[in-house]
Every structure is written in C-alpha cells, then in structure tokens.
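Residue numbering restarts at 1 for every chain, and letters A, B, ... go by the order of the sequence lines.
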Amino acid sequence: MPSYRFGRPALRANVDVQLQTAFSDGNWNAVIRLAAKRAATLKDPYYEVIKVCAEAQLDGTAEKVAVLAVIDELVKNKKTPDIDTIELYEWACRDFFDYEVEYADTLGPLRVRWAKANPSSPLALQCLQACLERWDLVSAQQIATTLDKTYANLADRRYMFWNITLTFLLSISPQCTDASRKVYSLLALRQLERAADVTENSSKLESTDRGLLTEEEICLYYRVLSSHGTKEEYISRLRSSKLGAISQLKEGRKLLFCESLNALEGWAEWDLIYNLCREALTLGLEGSTSPFAVCDLQIWKKFALAASKTTDLESALAEVQTTLKEYIDIKDKASEMYKKNLSLALLETTFRLPATTSNPDHDNAGLSPRVVQIGLFLDQYFERLSGFDDIKGYVAELSFEEAKTLMEEVIPKILDENADKARKIVLKALECKLRYLLSTCPQTLSAEPNVIDGETKPKPFRCRLCNNPASLPCETCLKKLTTEASNTYKQITGDQEILDSLPRLDRDPRLDLALVMGNSLLKLSGLRPRTSDAGQSLWRDVEPGSFLQAVLLLDIQLRETPGDTQLRMLLVQLYLLLGCVSYAYQLWTPLDVKRTIQDSLSPLFFDRICTLSPGLFRGTRPLMEPLRSFYNHSLIDRSPVRIWDAFSAGSYTSILDMVEFDGNLRRSCTLMMTLVEERRAIRCYGGKVDCEIEEHPLAENIDDSTTLVAKTDYGPFANLESLHGPPIHEYLRLGPGLSNERSHLAFLSEQYIDLLSYKPPKDYRPSKTNEVALRDREYTLETLSRLSNSLTDFLHKPTTPSRLTAPESTYYTVLSLLSAALLIALSTPRTEPVPDTLSLLMSSIKSAFGSLRTGFFSSPSAQQKQRIPPACQSLADMHTLSHVRETALAIKHSATFVLAFHEKELARDRSGRSGLHRDVIAQMKALNELAGRALVEVKGHMLKLKEALGEGGWLDRLLDLVFGSDEEQQGEKEDEVTRAVSEVVGGRAAAEEWAGKVIESWREGVKGWGMVRME
Amino acid sequence: MANFRRFRPDDLNKLSKCNLDPFTETYELGFYLQYYAKWPSLFQVAEDQHGNIIGYIMGKLESSPDVYRFSEHYLPWHAHITAVTVAPEARRLGIGKLLTEQLEMAADANNAWFVDLFVRVSNHKAIAFYKSMGYSVFRVVKDYYGEHSSDPTLSSEDAYDMRKPMKRDVKKEHIREDGEKYEVTPADVW
Ligand SMILES: CC(C)(COP(=O)(O)OP(=O)(O)OC[C@H]1O[C@@H](n2cnc3c(N)ncnc32)[C@H](O)[C@@H]1OP(=O)(O)O)[C@@H](O)C(=O)NCCC(=O)NCCS
C-alpha cells in the first residue's frame, strides 16, 4: 500500500534534517523555501519535486494545480521519474484524482514506466497495487504483464494469473477502448487455454509450470471461457479428464460443479445437466467423494428437472428414482439436514413424474402418490418451523381432489387420538396455514356461468370446498378459517398444560394462527396487490373493519412474541399503509437493520418515506445517516472494497465477483432512494441540500444509460400465498417496489429542481455580464432539453407505468411537460409567435395536475363516509397529498424561474429586446396562480386534518370501526369473525391501548406535516 | 431445503433470515469481503430454495503475527471461526455442524494445528453446540466483549476461547482440560 495512505510519504533519507522536520510538521512555506534553496545549491531535481508538492498543499488555486502541470509534462515527454518522486507526486495530488484528473492519465502511466524500467524491483509490485487502488485497470494490466514476463515460471504463480485476471477485467471494463476490447478478450482467453492444455497434457503439474493448478485458477478459466469463449469449448472442457467438473469434484472441489450447472442451465443443456448430476451423485455412493457432498436439494431438483426434459423421460426419471433410493438406503449415516433433503428430493421426483406414471390406475384420484408422499413428509417434519415452506409449493400443485384428500384424510391421521396436546396444536396450526394456502389456489374454484337470467353475477365461481359462490379467495372459507384459528388460539391460551409446553416447541403456534387470521382478515378487507393503480387512499377499496382487525390482532400477537421478525416486518408495512409512520418506525428500529444489510432491507421501511411523513426526518438523529455512511464507507474508493486482499491471496473468482458486486452497489436503487428521500425531506423544511444531485460523489457515474439495480430482500416476510398469485409483500407495499425506471425518474426530477433553484454564489460578480448571461442561458436551455428528453424517454418506456404509483406518474409527467414548456418559453424570442406547443403543454400540465388534485380532494362516497371518518381517508393517503404539494411546488418554481429570468433580462438590457414573449409571461403567471391556489388548498387540508384529529372521541371511533358500534352490536347479531378477533385480543377494552397508539401516531405525523413549507 | 456452497458477495443481499436474529452480528461490508477475498473456501453458506441464506460460516487460517513469536500467547498455524450462524427456522438440523465440519476439513487440508473461536460465556446454546463437536475451553478472555448480551447493567462480557485439535496435533498439545481456569486479557489475544 503506498505509504501516503497513512500520512505523508517519507522523504529520501539523505534530505537534511531541517527540511525533513519542516516537511513532517506540514510547515509548507518553510518546505518551499528550503527546497528551493537546496535545489539551487545541490542541483538535485528531487528538491524541485518537494517544492512543487509542498506548493500543492497551500490554499491558492494556482499553487495547488502547478503540480498537475508538472506531471502532465512528464507524462507527455515520456519521462520516467524515480519512485520517490512518483510517491511524492501521488501524495500531493491525492485530492485531485477522480475530479480534476484521472489517475489513468497521470500517475498511472508514470507507474507503468517505472515498473517496466525496474521490473524486478519489489517496488514494481507496489506500483501495481497503487494502480489497483485507484482502479486504473489500463496501467495495472500493463504492470501485471511486465511482472508476469519477469517472473515467469516462478513458484509464485500469482504474477501469471494477475496478468490474466487484469487482462480479462480490462476487456469487460468501460475503461477499455472498443478498439482494444477484442484483443484483450482474446488475450485472456488464449493464455488460459494454453494453461489448460498444459494441465491436461502433463502427467504431474509442478507449481512452476504455467498450467492451471488451484481451484481458483481453474474456475477463473471457466469464468473467462463462459464470457469470451464458445459454448462448445466450455462443454468439451467440462467433460475433460483433468479439468472436467467431475474430476474436480473427485478432488473435493465443488465450486466448478455448481458454477457449471448454472452455466449449462442458461444454455438449456438439459442432457448434460442430467449426466453431470447423475455422475456426481454416483461418486458419493461409490465413495469417491464424501457421501453427501452434492446431496443439495438444488442438485436433486436439477437432476429431476433435467430428467423430465430428456427425450426418454420415463427411463431418465426412473434412473433419478433409483439413485435416490440408493441414497435413502444409506440415509441413516446422514445428518438431519441431508435426510430432509432426501425426503424433499423424493417429493420433487414424485411431482416431476407424468401423471400417468405416478398414478397409473386412477382408481383413487385423491390419494395419489403425490399426496401420499406429502403425507410421509409431514409425518416426519410437520413440527419443524420450515415444514410449511418445504411443502407449500407442492401442495399448491395438487389437483382439487388431491388437496381435499390431503386435508381431510391424510393430515388428520398424522397424529392419533392420544397424542400430546401441544403436538396436536402444532399440527392444527399447520393445517390452518395450508387451508389459507389453498384459498389462494385457483383449483379450489369451479367456473360458473357468470350471467344467469340476464344478470351478471358478481362472483363467477363456486368454491369447491364450501360450495358457495366465490371469487379468489373464497370469503366464506376465509371467514371460517379465521374463526377456527381463533378457536385453536383460545384453546392454547385456556390450557395451562399447553402453555407450559410452548417453550419446547420450534415456535409458538399462536404466532402461526395469528398470521393466518391476520392474512385472512387482510384478504377479507379487500386488500389487493398495491400495483401502479394503488397509492390512492387505502380505504377506497379496503373495508376498514377487517383491515383494522388484522392490524390489532397482529399487534397484540407481537406483544406475546416480540422477537419474531416476520410478524414485526408485516406490522411495519401495515402501519405504513395506515399512515402511522412514527409507530411503524418504532417497530422497525429493533430489527436493527444496519451496515451491510441496509442496501437490501432498508427500502422495506424507507422507500417513499418522505411522502408519508417528512416529520420523521426531524427526529434527534438524522434518519438516513446510517445508510449514507454505509455507502460513503463502501464506495469511497473507486476500487472495490478489499480488492487487493483478493489479488494478494490469489482468489481470482473472488476478484471477479467483488468487482461485479461493487458495480451493482454503485448502481443501487437503494442508494438513489437514500439521496432522493433525504433531499425531499430537507426541502420540506426549507433546508439547503449539500450539493446538486448530479455532483454528488455517490451519483458520480450515473447517467441515463446506467441500469440501476433493485436488490430489495423480501425474505423477511411470512408468505402464505401460493405461486398462483403475487407474494404477500406486493399486497403490503405502498406501491410498486424500487426499480430502475423509478430511480431514474427520481434522479432526473431532482436535477430539474436543482436547475430551478440554482443561485450563483453571493460574492459572484462577473465583469462581462452580457457574456455570462448568454452562457447561463445556453446552459439552462441545454439542461432543460436534456432533462425533458430523458424524462420523456423514461416515462415512455413500456415498463414504466407499472413501476409507479398514480401520483408519482403524474408528478414525473408534469415535470417532463414543465421542462419542455420552459425550453420553449425561454428560447422563443419575444418578436416571434409563441409555438402552439406551449399552450398544448400548458393544458396538459393543468389537466394532469387537475386530476391529481380532484383525485385527492374530491369528497369520498356516502358509503365510505359512513364507515370511516374523512380524516382517516387522508391519513392513509399522504402519499398523494405530498405529490400534490411537490407537483404544485414544481409548477410554481418553474413559473417563478421563467418570470425571474425575464426580470433579469429586462434589468440587463433596458431595450427590453431580450425579455420574453408577452404570452409566455401570461402563461407563467397563470401557472403560478394555479400552483399557489393548490398550495393553499393543501395547507388548508393539513389544518383541517389537525383540527379533526384534535377533536375528542377518536378512541371510540376507531374501536367502533374494529368492533362495531353499540347500535351495530345490538341491532344485528355480532358477526362471528369480529367475535373471533375480539376473543383473541381480549375484547374492546384490551384494544384501547393499541387504538391510543394508532391515534397518537397519526397526530404526530400531522404535526410533522404542519411544519412543512408550502413555498 | 438447503444447498451448501461457497459464499458469493450477492448473498449479502439475502442475509435477512440470519442477520435479523439478534444473536447474529451484522458487520461492515469490508469485513465480509476481507474474508471472501483472503479465504474464499472458508466462507461457506447454506441457502434455502428461494435463495435466502439460512446459515453461514466465516473463517480464516493464520498464525499470530511474527512479533509475538516469543510470547506465551503466540498461536501457531491454525484455523479460526470468526462467525457461524444458522437462521432460527433452520436450527437443529445439523447445518451448523456441517458448516463447521467443512471448515475443519479445510483446516486439516492446510495442516493447521487446531481450530479456535471466541464465544460469549452466556451463549449457552453455542457453547453446547461447540462442545458437541469436540471443542473445549482453552482460556477465558476477560471483558472481551464491549457490552453484555443479556444484562444491560453490565458493561462487558467474558469470552471463552474454545479449541478443537486437528490431525496435526497428534499429542494434543494445543488443548487443555481445565481451560476455564486460565484467564487472559483482551490484549493477549490477536
Ligand atoms: C449455534 C448455532 C450456530 C447452532 O447451529 P445449528 O445448525 O442449530 O446446530 P446443529 O443442528 O448443527 O447442532 C449440532 C449439535 O450442537 C448441539 N446444539 C445445537 N444447538 C443447541 C442448543 N440450542 N442447545 C443445546 N445443544 C445444541 C447439539 O448437540 C446438536 O446436535 P443434535 O441436534 O443432534 O442434538 C445456532 O444456534 C445459531 O446460529 N445461533 C445464533 C448465532 C450464534 O450464537 N453463533 C455462535 C457465535 S460464536
């Protein structure tokens, strides 16, 4: 590592003490004076270097950059300075790299020259490391080539593979010119092929041979081959005697086997996959590898899948079963996990068999071999925490008859009458989960004519389980399920024997029962996947009673089992939907999402957070600081974190994966979310953002062509849904998840706002005002045109509509229209007619904005009013309200921008010729007014909300929604679902504390909104 | 339900099942990547059918730095378990054991004297887990952890330094029977 990383480099030992001291004290003026003196008397150019480098430490710009000019000169003149000089220069420029200058244009080439001139010096290696740390692949590759030549056939094989790895990395890097890409690709590939041949052809490879020896070297070869070679080459090598996947496996090397299966799957080479799996599994049986070395579920699944795709499917599947059987015969030797894998493999193969083979006689369609296998699996594993997840996919594949048999005949027989109570309860909880799962499977419904006697029926299906008219999911079944789960729940709480046995269990069955009830209630409430048409108030399509019952019930359960992350995560989402953001945050915090896992998990809380509750950002600790610091920390250098470690350890596949990971992290949608949410929140409270978003170091390399990557991890959700429908998290999000499209639109919109809010520094008084004004105008027009094009492009991508909520879609559309309108407004000379496009754009802006406003402010239907207080409507739809505000502000600031421009021009050029067209001014004034009115409306609405929440009686209102009001309760008989919920949560009185929290959180949110600026 | 394979950096986006559990520490990116860079074959994961990581082990092979060669606490060439964790839903299936065994195999293949690790003295589950596989306490490191895992009134917690001898240690020179009685300070361990 270059020494300057830890401070200043050491000066040469022969430099006198006085200068040494001044230098180490950072006394730069003294250094400059002394170095100049020494240079004159000693005629040693090294002192000139010290002087220039010391000058670069001064504050003045001219002195600072002098060193750059010197380096530039050196690079141009093809000079090779000595290594001390290079080290000094590199230290002196440390703050310029990546901004003022590129390492690859300056120090990189100097280091290459030095290394080439001194290839066997140990310092040449330091040059390689320095280039890698600045991620200058061009220079690093050249040094590595030199080192490889110098140290060919040394026992230290790394030089050869550094060279190859870097050549490959360069060939896939944007740092490579298109012209040389091909050359480097071939170079890397050919060198590795030669090495592979050396290995194949030598009887015993020595470490000094230039062949492939270690697992890392071999896997590097295959990686490069799959990228730059042909499929045929890859496959033929994969079967070869020494470097083939199977021979490597025999040496205990599994990596190639795993990686090659993935590659082959990409090419749909099923025959080969089949053969490889078969051979690999046979090795274990023969004792050529440790017996269960490849007994992973994935291998069995691939084996069975490949078999089902071969031409002779029956015999292939029979072979799979035979192999499996041989394993089952020795399974007593296996650990629990492999035993379970084998049981699952058995299930998998049974399900891959064609129906005719698996159930030839059809005499009992229900009790098919598939059902029997599931039963056998459950016999062993029903008590396991993962039991449900293990079989869920298979159960959802069953036909209706099979499913019915499983539920009615097989599962009840798993335990006999006298079995332990707690075990019975666990089985019951599993049964409830399975019933819920089946409610999401279309095979439980049968189609019915949906028009009878000329009338269209609302429910075009009949549920085959309960025989009632239904749609998916069947309401009758869900209601029944909820009450039964509740009964089981009460059975637990009412029986001390069971309660005492809970700690012995893998998990508290009440948790599963609560999840089943909660999910059922959510479905009963009418909650649908929150796709692009969501974002409007939750209560437009969701029935508040059931929804709130679900939240209450799950919340009460969390008090019993606070350590359960799935339940906690579910509740966080529900409270976000409800608009109880501060409470959601309280629940989120103990999950302790920090450091590395933030990139994948923080969107689950922070995405769109500013549109819900900007007040959250006003807490004592900066809300997104941990995220920001994670990215700053991990991306501060251009080189991937820890990359030199991988080079020095010879971990070549690690290098490739780390480079890819680093690239993805730099393009993370979560990173963009972090930047944008925080800027929006800052603006809400009139703060100043640090810098324009485009200038932000973390957004440095992002432009329209960058694909931003969404890596949100939905693993922490308990997903009881079948694959026939969307997973549960899609029901729970505020809208579509993070995406490339949305992230880009957010990025562009922030750039647009940066343009509008740009103010020259206060002390900036240019002398040539006219010239500067012209340049400014040109820059503004260029930026507008670029932003308008980019926004339009992203909005028009076919995938975009499904990635945005409706308010987001309006907001970005309005911004794209505004940027186009401003471009015309500012570029039309006042003497020429204003193009018609402008008024078209204006009316589009007005109508888009108009429908956003009416969508929010229009009063809810009478029926909705009855059920839910109007304030609740808004509280669950702050996302829209916040977009009304953002859009209004964007319109207002755009209009102000144009009007200010006009004023400035009038002030500058008294003739008035450079001002804007009258019509333009009129249009902008109209926009300004429109936005102003909307903002007043938003403000008024906030006030009303605050007043409404300030009124008394909320507790009762909320509890009435959950339990029904007194009249409702007395009038009709209380419905059984409500009773079921009430019994689990301990009745209305027990729910008061919860209701208090919900209301408090609403009030807190509205308080935060109250301070938000409307200008 | 599980596959065993080498860790890849993308797995860091799939850690929720393990790392949201309070007993599992989440580190900085550089920490994971350092292990992946230097000892990739000692960083193994178990994944479920959806690609979630349900267990992992991170280890290294090293000796104490040379400057300590003559210290009584010097550690010869050995493997060290830095972290091992299994998601709650996948515990007691032998996954932790399999992961540890893999590391022990690598330790033997690299001619290590022993495998060692630090564990909180209050982490009874983990201690039982290690003991079941033949590890024993070698020494107690006083106040090794900056905070106590279960008692917020305490500002530190001791660690057991546990060991298991590998094949190279034929005479079992690197373990002791009464390790609980040997106390050292954090400054004595590197
Ligand atoms: C410790 C931990 C890794 C064990 O993983 P695991 O996969 O459940 O363990 P295994 O199934 O391989 O257990 C192997 C043996 O260890 C012992 N063991 C494991 N967990 C145990 C427990 N909770 N109580 C008692 N013994 C236990 C048993 O003897 C077990 O064999 P058995 O199941 O046949 O009786 C896991 O509990 C965990 O991740 N804990 C949280 C993180 C942690 O504490 N890590 C260690 C930090 S140093």
Side-chain angles (χ1 to χ4, degrees), chain A residues 215-216 252 254-255 258 290 296-299 301 335-338 340-341 344 384-386 389-390 393 506-507 563 565 569 590-597 599-601 630 633-634 640-649 651 653-655 657-658 660-662 664-665 711-713 715-716, chain B residues 1-22 24-41 43-44 46-55 86-98 101-102 105-106 109:
Chain A
E215 184 173 22
E216 282 295 306
K254 192 175 164 184
L255 184 60
C258 294
S290 62
D296 299 317
L297 185 56
Q298 190 187 284
I299 305 296
K301 279 193 163 184
S335 79
E336 258 322 292
M337 209 233 24
Y338 285 127
K340 193 163 161 201
N341 273 355
L344 283 168
R384 288 300 190 156
L385 203 56
S386 51
D389 264 332
D390 284 333
D506 253 16
R507 129 167 166 151
T565 45
M569 199 59 101
L591 288 169
D592 205 17
V593 172
K594 63 179 179 195
R595 302 191 185 127
T596 304
I597 55 174
D599 190 51
S600 60
L601 292 174
F630 166 69
H633 223 84
S634 312
V641 174
R642 293 284 178 179
I643 199 74
W644 178 251
D645 282 349
F647 272 91
S648 67
S651 310
T653 59
S654 301
I655 295 173
D657 287 342
M658 286 159 81
E660 187 183 324
F661 180 80
D662 176 76
N664 284 341
L665 195 61
K711 294 269 183 193
T712 311
D713 179 3
Chain B
M1 64 143 345
N3 310 307
F4 281 101
R5 58 168 174 78
R6 196 188 265 195
F7 166 87
R8 357 175 233 265
D10 218 24
D11 294 335
L12 296 174
N13 295 320
K14 290 279 180 189
L15 287 189
S16 58
K17 295 228 182 264
C18 291
N19 284 41
L20 291 181
D21 183 63
T24 301
E25 178 63 347
T26 298
Y27 301 103
E28 293 293 352
L29 180 62
F31 193 74
Y32 297 106
L33 292 184
Q34 179 192 9
Y35 280 83
Y36 180 57
K38 293 189 184 166
W39 304 279
S41 61
F43 197 162
Q44 297 280 338
E47 91 188 324
D48 72 7
Q49 64 261 48
H50 310 294
N52 298 306
I53 301 304
I54 49 171
V86 174
E89 67 191 48
R91 290 194 185 144
R92 296 309 283 269
L93 284 169
I95 293 181
K97 189 171 171 195
L98 284 165
E101 281 170 359
Q102 273 175 358
M105 256 151 59

Is it the backbone or the side chain of Phe31(B) that comes under 4.5 Å from a heavy atom of chain A, or both, or neither?
neither

Relative to chain B, which segment of Ile643(A) carries a heavy atom at a distance below 4.5 Å: side chain, backbone, both, or neither?
neither

Quick one: what part of Leu255(A) sits under 4.5 Å from any heavy atom of chain B, side chain, backbone, both or neither?
side chain

Which bit of Leu29(B) comes within less than 4.5 Å of chain A, counting heavy atoms only: side chain, backbone, both or neither?
both

Got a donor-acceptor contact below 3.5 angstrom from the Asn3(B) side chain to the Gln298(A) backbone?
yes

Select one option (side chain, backbone, both, neither) describing which atoms of Asp657(A) are under 4.5 Å from chain B's heavy atoms.
both

Angle class for the Tyr35(B)/Trp39(B) ring planes (parallel below 30°, perpendicular above 60°, tilted otherwise)?
tilted

Lys594(A), part contacting chain B, at a heavy-atom distance under 4.5 Å
both

Hey, what do you get for CZ (Arg6(B)) to CD (Glu215(A)), rounding to the nearest 0.5 Å?
5.0 Å

Per-residue contact mode, Tyr27(B) against chain A (heavy atom under 4.5 angstrom)
backbone

Between CG on residue Asp389(A) and CD on residue Gln49(B), distance to nearest 0.5 Å:
6.5 Å

Atom group of Asn52(B) that falls short of 4.5 Å from chain A, counting heavy atoms:
side chain

Salt bridge Lys340(A)-Asp390(A), side-chain N to carboxylate O under 4.0 Å:
yes

Heavy-atom contact with chain B under 4.5 Å, split by part of Ser648(A)
neither

Among Ser290(A), Cys258(A), Gly715(A), single out the residue with the greatest number of heavy-atom pairs under 4.5 Å to chain B.
Gly715(A)

Taking every non-hydrogen pair under 4.5 Å, which of Leu15(B), Leu98(B), Ile53(B) racks up the most with chain A?
Leu98(B)

With chain A as the partner, which of Lys17(B), Glu28(B), Arg91(B) has the greatest number of non-hydrogen pairs under 4.5 Å?
Glu28(B)

Pairwise distance OH(Tyr338(A)) to CG(Leu344(A)) - rounded to 0.5 angstrom:
14.0 Å

Do you know which of Arg8(B), Gln102(B), Arg92(B) has the most heavy-atom pairs under 4.5 Å to chain A?
Arg92(B)

Between Asp21(B), Asn19(B), Leu33(B), the one whose heavy-atom pairs under 4.5 Å with chain A are most numerous:
Leu33(B)

Gap between atom CD of Glu89(B) and atom OG of Ser386(A) - 0.5 Å precision:
6.5 Å

Give, as side chain, backbone, both or neither, the part of Lys14(B) having an atom under 4.5 angstrom from any heavy atom of chain A.
both

Where on Glu660(A) is there a heavy atom nearer than 4.5 Å to chain B: the side chain, the backbone, both, or neither?
neither

Asn341(A) side, atom CG; Ser335(A) side, atom OG - distance, nearest 0.5 Å
8.5 Å

Contacting region of Glu25(B) [heavy-atom separation from chain A under 4.5 Å]
side chain

Any heavy-atom pair between the side chains of Asp713(A) and Asn13(B) that's under 4.5 Å?
no

Of all heavy-atom pairs linking Ser651(A) and Glu216(A), the shortest is C-OE1, 3.2 Å

Using the ring of each side chain (for Trp, its six-membered ring), is Phe43(B) parallel, tilted or perpendicular to Tyr36(B), with breaks at 30° and 60°?
perpendicular

Determine the option with the most heavy-atom pairs under 4.5 angstrom with chain A, choosing from Gln34(B), Lys38(B), His50(B), Met105(B).
Gln34(B)

Side chain, backbone, both or neither: which part of Phe630(A) has an atom under 4.5 Å from a heavy atom of chain B?
side chain

Donor-acceptor check, side chain of Arg507(A) to backbone of Leu385(A), threshold 3.5 angstrom: yes or no?
no

